[in-house]
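Working notes for the structure below.
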Protein chains: 2
Amino acid sequence: MSTRKDYVRNRGRLIAAAREVFAERGLDATLDDIARHAGVGTGTAYRHFPNKQAVAAVVLADATAQIAADARTALDIADPWAALVTFFELTAARQAADRGLYETLTGHGDAAEQARIWPEIITAVTALFDRARRAGVIRADAEPQDIAAVFALLAPAFEMSRRIAPDLWRRYLALVLDGLRATDRPPLPVPPPPLADLDLVLKAGKGRG
Amino acid sequence: MSTRKDYVRNRGRLIAAAREVFAERGLDATLDDIARHAGVGTGTAYRHFPNKQAVAAVVLADATAQIAADARTALDIADPWAALVTFFELTAARQAADRGLYETLTGHGDAAEQARIWPEIITAVTALFDRARRAGVIRADAEPQDIAAVFALLAPAFEMSRRIAPDLWRRYLALVLDGLRATDRPPLPVPPPPLADLDLVLKAGKGRG
DNA sequence: CGATATCGGAGGCGACATCTCCGTTTCCGC
DNA sequence: GCGGAAACGGAGATGTCGCCTCCGATATCG
């Protein structure tokens, strides 16, 4: 913990660069990439952080916390369905803009970060779902853990958006939300995965077993 | 092209092993994996096939052709919505059982195989969509190219199914189909990607730009 | 049984990401 | 300013991994 000017400056540059690089290229980006983007040497990067995971943890901690906060904030919206839609759209927008973020949320990143953030998200979303169900605006057989699956489904939509049109994800989010809305439709054919298997839900989409 | 007993036997073993290995582990499986699974040496594998892509092409050619055939067959079903649902369920089931297949369809594999099969699929699905739209059972703003996106969205669901419960994908397919069905819902917020960008839709979900 | 096609799998090769080492540069207190 | 400690930079050592080749061993068949 130094106060030297160059040390502080480079630390700031590294974190800013990490934010941009992870957002654009995802968690596979190398620490060398980040160092180059920050305009510092790789040695400097490794002096500031023991490894790539440490940088990712710093950069992504508040991004994930933000998601949970958004879910809690959405409870302030009076209309239960509007609250749910607002939460999904805000969260999806954050993910569409940050590849590292949705990779983290959907299981490609640090398992510890997921284990920390998901229970928080699920708790907040459960409140949103309960309210929506009481109001009869969400299909009765939707469960809070489906949100983890929905985020996983949207990951390819975010990727498409990056390549084709920045807003394309809105189309497929709307499609999924319409499927989630209450109607006279037949019940979903299979129960959701048990909450205890949330980690498995998230790891899906990732390769290797 | 030999008729020696060991040659023919090993070729059969290799193709059978490739089918299993690609289905279970996806296109990232190595030809060495396939050889080991077939109980032959890697040298043998490389004598029968110039490289991994060649094996994949042999193994996946009929699987993808089957999808297109399924779409055409679905046109024989009288009810337009039932035809669409049947096609999706059949195709999704095939993909859920074969990781190599959905990786190929959604852009992780050989670009040539995709370029060959997708126009065929889109043509057949366009007929299904047109009929459904005329009958008013599908939302008017759904386009045939959305099917490529829907398959991409389902890929994570297939992955989950493999890890958690073999039928879990049915839940999320049902959700998406319910979103696709005609109702009094607001139109989708963004147009679908142009047909000309189909290759970009498919490449999404894959890493690196 | 011998000629020849085929087999098997160790290992060469190239690519790639992680992280270290040490000569050079910057900083800051005196 | 000046000197020494702190920090920098980036070449390259290291380890991993997948692709594919080579050649001595083995199987097939006339």
Side-chain angles (χ1 to χ4, degrees), chain A residues 1-18 20-22 24-59 99-100 103-104 108-111 206-209, chain B residues 1-18 20-22 24-60 99-100 103-104 108-112 206-209:
Chain A
M1 202 61 71
S2 159
T3 60
R4 261 184 67 158
K5 211 191 307 182
D6 51 354
Y7 184 95
V8 174
R9 171 169 40 85
N10 283 333
R11 187 185 175 80
R13 282 184 186 170
L14 277 166
I15 290 177
E20 287 179 26
V21 170
F22 281 138
E24 279 165 33
R25 297 213 247 288
L27 299 176
D28 282 352
T30 70
L31 199 38
D32 295 46
D33 286 340
I34 293 168
R36 198 175 324 114
H37 196 262
V40 306
T42 61
T44 302
Y46 279 94
R47 203 165 320 99
H48 283 267
F49 302 96
N51 53 45
K52 188 172 72 173
Q53 286 69 39
V55 194
V58 169
V59 164
R99 182 170 165 187
E103 286 184 356
T104 300
H108 294 238
D110 181 17
K206 185 67 186 166
R208 322 285 90 202
Chain B
M1 202 61 75
S2 158
T3 60
R4 259 183 69 158
K5 210 193 307 185
D6 50 356
Y7 183 95
V8 173
R9 170 170 40 87
N10 283 333
R11 186 185 175 82
R13 281 184 185 170
L14 277 166
I15 290 177
E20 287 179 25
V21 170
F22 281 137
E24 280 164 31
R25 297 213 248 289
L27 300 176
D28 282 352
T30 69
L31 200 38
D32 294 48
D33 285 340
I34 294 168
R36 199 176 321 115
H37 196 259
V40 307
T42 60
T44 302
Y46 279 93
R47 200 163 323 97
H48 283 265
F49 302 96
N51 53 44
K52 190 171 72 171
Q53 286 69 37
V55 195
V58 169
V59 165
L60 291 165
R99 183 171 165 187
E103 287 184 354
T104 299
H108 295 239
D110 181 17
K206 187 66 186 169
R208 322 284 89 207

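No experiment lies behind these values; they were computed from the predicted model shown. Per chain, numbering begins at 1; letters A, B, ... match sequence-line order.
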Asn10(B) side chain near dT6(C) phosphate (N/O to OP1/OP2, under 4.0 Å):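 No, because none of the side-chain N or O atoms of Asn10(B) sits under 4.0 Å from OP1 or OP2 of dT6(C).
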Any Lys52(A) side-chain N or O less than 4.0 Å from OP1/OP2 of dT18(C):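 It does, given that an N or O in the side chain of Lys52(A) lies less than 4.0 Å from OP1 or OP2 of dT18(C).
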Where protein sits on nucleotides 25-30 of chain D, one letter per nucleotide: B base, S sugar-phosphate only, - none, heavy atoms under 4.0 Å: --BSS-
Derivation of the side chain to side chain contact (heavy atoms under 4.5 Å, CB included) call for Ile15(A) and Phe49(A): CA-CA 10 Å; Ile15(A) 290 177; Phe49(A) 302 96; 3.9 Å; yes
Sugar-phosphate only, base, or nothing, as touched by Asn51(A) at under 4.0 Å among non-hydrogen atoms: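 The residue Asn51(A) makes sugar-phosphate contact but no base contact.
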Arg47(A): side chain to side chain contact (heavy atoms under 4.5 Å, CB included) partners, not counting sequence neighbours: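 Expected list: Thr44(A).
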Side chains of Arg99(A) and Glu103(A) in contact at under 4.5 Å (non-hydrogen atoms):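 Contact flag for Arg99(A)/Glu103(A) side chains = yes.
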Leu14(B) and Val55(B), any side-chain heavy atoms less than 4.5 Å apart: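 No, every pair of side-chain atoms sits at 4.5 Å or beyond.
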Rounded interatomic separation in angstrom, taking CD from Gln53(B) and P from dG18(D):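 For the pair Gln53(B) CD and dG18(D) P, the rounded distance is 14 Å.
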Gap between atoms CG and P, on Asp32(B) and dA10(C) respectively (whole Å):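 Nearest whole value for this atom pair: 11 Å.
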Neighbours of DNA chain D within residues 42-50 of chain A, by heavy-atom distance under 4.0 Å: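 The answer is Thr42(A), Gly43(A), Thr44(A), Arg47(A), His48(A).
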Side-chain ion pair, Arg9(B) and Asp6(B), N-O less than 4.0 Å: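 Salt bridge: no.
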